[in-house]
Amino acid sequence: MSNIGSYEERAKGFSWSVSENELGYRDGNVINIGWHCTDRICEQGKASKLALVWEGHAGAEKRFTYNDIRLASNTIGAFLRGLGIQAGERVCLFMDKIPELYLGFLGILKIGAIAQPLFSAFGDESLFVRLSDAETSAVVTQKKHALKVRKILDRLPHIKHLIIVDHDGASPLKDREVAFSLEKAAPVEHLDIHPTTAESPSVLHYTSGTTGMPKGVQHVHYSLVSQVLTAKWVLDLRDDDIYWCTADPGWVTGTSYGIIAPFAMGVTQCVMDAGFSAEAWYRFIEKRRITMWYSAPTAIRSLMMAGDKIVGKFDLSSLRHLASVGEPLNSEAVVWSQKVFGKPFYDTYWQTETGCIVISNYPGMEVRPGSMGKPFPGITGTILDPNRNEPYPFHGKIGLVAFRFDWPSRMRTYWNNEEAFRKKFRNGWYITGDRARIDKDGYYWFVGRDDDIINTAGHLVSPFEVESALLEHPAVAESAVVSKPDPLNLEVVKAFINLKPGFTASKDLDLEIMNFVRKKLSPLAMPQEIEFVDSLPKTRSGKIMRRILHAREWGEEIGDTSTIEND
Ligand code: PRX
């Protein structure tokens with residue numbers, strides 16, 4: 001029997017108090033994610049239970065019990081406090097998936113500061129816009145990533161400390177730099193937990209916007225209530241599970257379900273900090289006896305491409321439940337997983353802004369391959385008619401995916417950008433930016449995004465950010481960035497570029513520009529294809545019409561161009 005039992009029964013008379021009670025939370029009391037994920041589990045008698053099993057490159061391994069993660073997060077919290085970090089200040093985590101990332105996250109929350117995780121493959125420009133917007137006070141990083149921060153430090157007066165977790169003394173520390181070693185630091189047995197309450201800010205994740213720079217999605221400690229219940233009813237997490245979430249905590253899946261929910265439930269989780277290969281992933285599942293596996297469609301498609309034969313080389317019988325998030329999960333992937341693992345991947349849908357799973361397939365409920373499933377109990381979703389901003393009165397119509405924005409882990413605002421936050425609502429409905437339809441039984445079917453944002457391998461990329469980076473290259477006069485279809489990543493970034501006089505298109509220039517974007521932004525944002533053009537389609541007022549280029553890439557009707565953009 002699954003945790004959720006019957007979806008219909010759970011949805012009847014639903015209240016979040018189910019979860020509040022399990023967490024021992026009463027309205028108005030202190031709630032602190034860092035404490036709930038460590039001290040509380042120890043108080044429940046699970047101090048010696050394994051919390052985190054970490055595996056690095058070349059098979060290096062570290063194991064932490066719940067008491068270990070309690071002490072480590074205390075130690076990091078005390079260190080930050082000692083540096084003068086106050087509640088509410090932003091502390092960025094800019095690291096590979098090493099234990100300090102997970103433990104640092106909890107330590108930051110324990111002292112009431114705001115954790116700002118950033119993907120370690122970000123280049124200096126991606127880093128700069130996010131650190132300057134958040135006015136971040138400290139960055140916790142590794143030697144190899146510190147170089148990128150140093151490059152922009154002069155432009156970031158708010159940063160008081162650059163904390164290096166693997167400083168070996170070989171090169172001297174520079175201005176504002178300080179070394180911290182978790183292994184060498186004296187463990188802090190007692191830390192005064194900052195008395196955060198439900199609405200105290202907790203995590204700040206940056207997400208791409210269509211027309212502007214990335215926006216900081218601000219979450220609060222009360223998010224725990226829906227993160228835990230969704231992990232229980234959707235991921236079906238249980239006390240004896242060995243859980244593997246493949247997401248990086250630079251992205252929201254890696255924090256909501258890669259740190260917060262599993263630890264707050266006292267589950268043992270495994271982390272693999274190594275590149276992707278089908279062999280390595282299957283070996284990891286076999287060796288660690290993974291029971292619950294939360295992954296993403298691009299990874300699943302890569303495993304499919306690696307073939308069925310390789311699956312047979314490993315004992316994957318420990319797997320009990322599988323789920324996926326981040327991009328459309330094609331029905332072939334669901335059918336394939338049923339064939340090779342004996343169970344389907346359950347698709348789940350949500351966003352950085354929603355903070356937790358909002359539409360999902362549930363254990364025990366019929367899976368319709370290709371569908372995202374149904375809204376989580378207590379969450380009201382709909383398909384909005386974009387012309388009336390009202391839900392369609394009947395099923396089957398494609399419209400905007402929208403929600404009544406009222407569950408615990410919804411974002412509270414965009415950092416320093418209340419106006420952008422307000423723009424996400426129409427008639428009281430929160431607009432996700434996605435399009436879908438609902439079938440007659442209430443299942444949601446994803447259709448596509450309703451804006452220009454590119455979802456490549458489950459990562460959102462803003463064409464605006466890539467175009468801005470391209471314009472900084474000396475050869476680029478103007479550019480337009482759209483997605484193009486890709487069998488593995490579903491979409492990849494393509495750039496149309498009009499060169500400045502004196503520059504000619506060549507393979508070398510092509511590669512140089514690609515690399516320029518990779519270094520400035522990230523490997524995900526790097527155009528996989530560049531097409532040099534003499535001019536770009538524009539409205540009469542000079543605005544570039546990305547949609548014409550997009551339609552051409554996807555072989556779609558271009559339609560009436562006069563209505564595509566307002567000029
Ligand atoms: O377009 C949807 C897509 O990913 C977007 C959210 O991206 P992000 O904020 O980075 O969070 C990703 C992980 C929670 C959505 O607006 N998306 C997410 N899940 C699905 C999906 N598209 C189709 N099917 C899904 N299951």
Side-chain angles (χ1 to χ4, degrees), residues 117-119 122 130 203-210 214-219 223 226-227 230-231 234-235 245-261 294-301 322-331 333-334 344-362 367-376 381 398 400-403 409-411 414 424 430-438 443-462 465 483 489-491 522 524-525:
L118 290 178
F119 185 42
F122 273 153
R130 289 159 177 82
V203 183
L204 188 64
H205 270 297
Y206 274 76
T207 188
S208 299
T210 336
K215 296 186 294 258
V217 176
Q218 194 193 307
H219 290 290
S223 70
S226 50
Q227 286 158 342
T230 47
V234 177
L235 305 184
C245 170
T246 60
D248 186 305
W251 314 103
V252 73
T253 307
T255 54
S256 292
Y257 298 103
I259 305 180
I260 302 173
Y294 195 23
S295 199
T298 294
I300 300 165
R301 280 190 293 273
L322 323 174
S324 161
V325 66
E327 322 151 60
L329 182 65
N330 30 333
S331 51
V334 180
F345 269 95
Y346 285 71
D347 194 14
T348 70
Y349 165 93
W350 56 295
Q351 307 182 298
T352 309
E353 286 88 341
T354 69
C356 72
I357 296 164
V358 287
I359 296 178
S360 180
N361 290 281
Y362 303 88
V367 174
R368 298 199 174 164
S371 157
M372 307 194 290
K374 298 185 180 185
F376 191 78
I398 294 172
L400 308 176
V401 181
F403 295 95
S409 70
R410 69 192 188 277
M411 70 165 158
Y414 286 119
K424 297 287 286 193
Y430 164 75
I431 310 292
T432 57
D434 291 313
R435 287 178 301 128
R437 64 180 172 82
I438 309 181
Y443 285 79
Y444 284 60
W445 297 78
F446 184 80
V447 173
R449 286 206 57 102
D450 189 50
D451 53 26
D452 293 340
I453 289 180
I454 301 166
N455 187 340
T456 180
H459 300 295
L460 302 188
V461 172
S462 149
E465 248 189 302
S483 64
N489 301 298
L490 276 190
E491 359 187 290
S522 79
L524 302 165

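Whatever order the structure lists them in is the order used to number ligands and atoms, beginning at 1.
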Inset, instruction - Indicate yes or no: does Arg449 engage Glu491 in a salt bridge with an N to O separation below 4.0 Å. - result: no

With a cut-off of 4.0 Å, which atoms of ligand 1 are near a heavy atom of [X]?
{"X": "Thr253", "result": "13 (C), 14 (C)"}
{"X": "Asn455", "result": "3 (C), 4 (O)"}
{"X": "Asp347", "result": "26 (N)"}
{"X": "Arg449", "result": "1 (O), 5 (C), 15 (C), 16 (O)"}

When you measure from the heavy atoms of [X] to every atom of ligand 1, does any distance fall below 4.0 Å?
{"X": "Trp350", "value": "yes"}
{"X": "Gly433", "value": "no"}
{"X": "Leu460", "value": "yes"}

Measuring from atom [atom1] of [X] to atom [atom2] of [Y], what distance do you get when rounded to the nearest 0.5 angstrom?
{"X": "Trp350", "Y": "Ser256", "atom1": "CH2", "atom2": "OG", "result": "4.0 Å"}
{"X": "Ile260", "Y": "Gln227", "atom1": "CD1", "atom2": "CD", "result": "4.5 Å"}
{"X": "Leu524", "Y": "Phe122", "atom1": "CG", "atom2": "CZ", "result": "7.5 Å"}
{"X": "Arg437", "Y": "Tyr444", "atom1": "CZ", "atom2": "OH", "result": "13.0 Å"}
{"X": "Ile431", "Y": "Phe403", "atom1": "CD1", "atom2": "CZ", "result": "10.5 Å"}
{"X": "Met372", "Y": "Ile438", "atom1": "CE", "atom2": "CD1", "result": "9.0 Å"}

Tell me which protein heavy atom sits closest to [atom], plus the residue, atom name and distance to 0.1 Å.
{"atom": "atom 4 (O) of ligand 1", "value": "Gly326 O, 3.4 Å"}
{"atom": "atom 23 (C) of ligand 1", "value": "Pro328 N, 3.2 Å"}
{"atom": "atom 9 (O) of ligand 1", "value": "Thr352 OG1, 2.6 Å"}

Legend entry - Pair Thr230-Tyr257, side-chain hydrogen bond (donor to acceptor under 3.5 Å, both in side chains): steps then yes or no: CA-CA 9 Å; Thr230 47; Tyr257 298 103; 2.6 Å; yes

Inset, instruction - Test side-chain hydrogen bond (donor to acceptor under 3.5 Å, both in side chains) on Ser208 and Ser462 and set out the steps. - result: CA-CA 5 Å; Ser208 299; Ser462 149; 5.4 Å; no

Structural part of [X] in contact with ligand 1, heavy atom criterion under 4.0 angstrom:
{"X": "Tyr349", "result": "both"}
{"X": "Met372", "result": "side chain"}
{"X": "Thr348", "result": "backbone"}
{"X": "Glu327", "result": "backbone"}
{"X": "Asp434", "result": "side chain"}

Legend entry - Any donor-acceptor pair under 3.5 Å from Tyr294 side chain to Val325 backbone: no

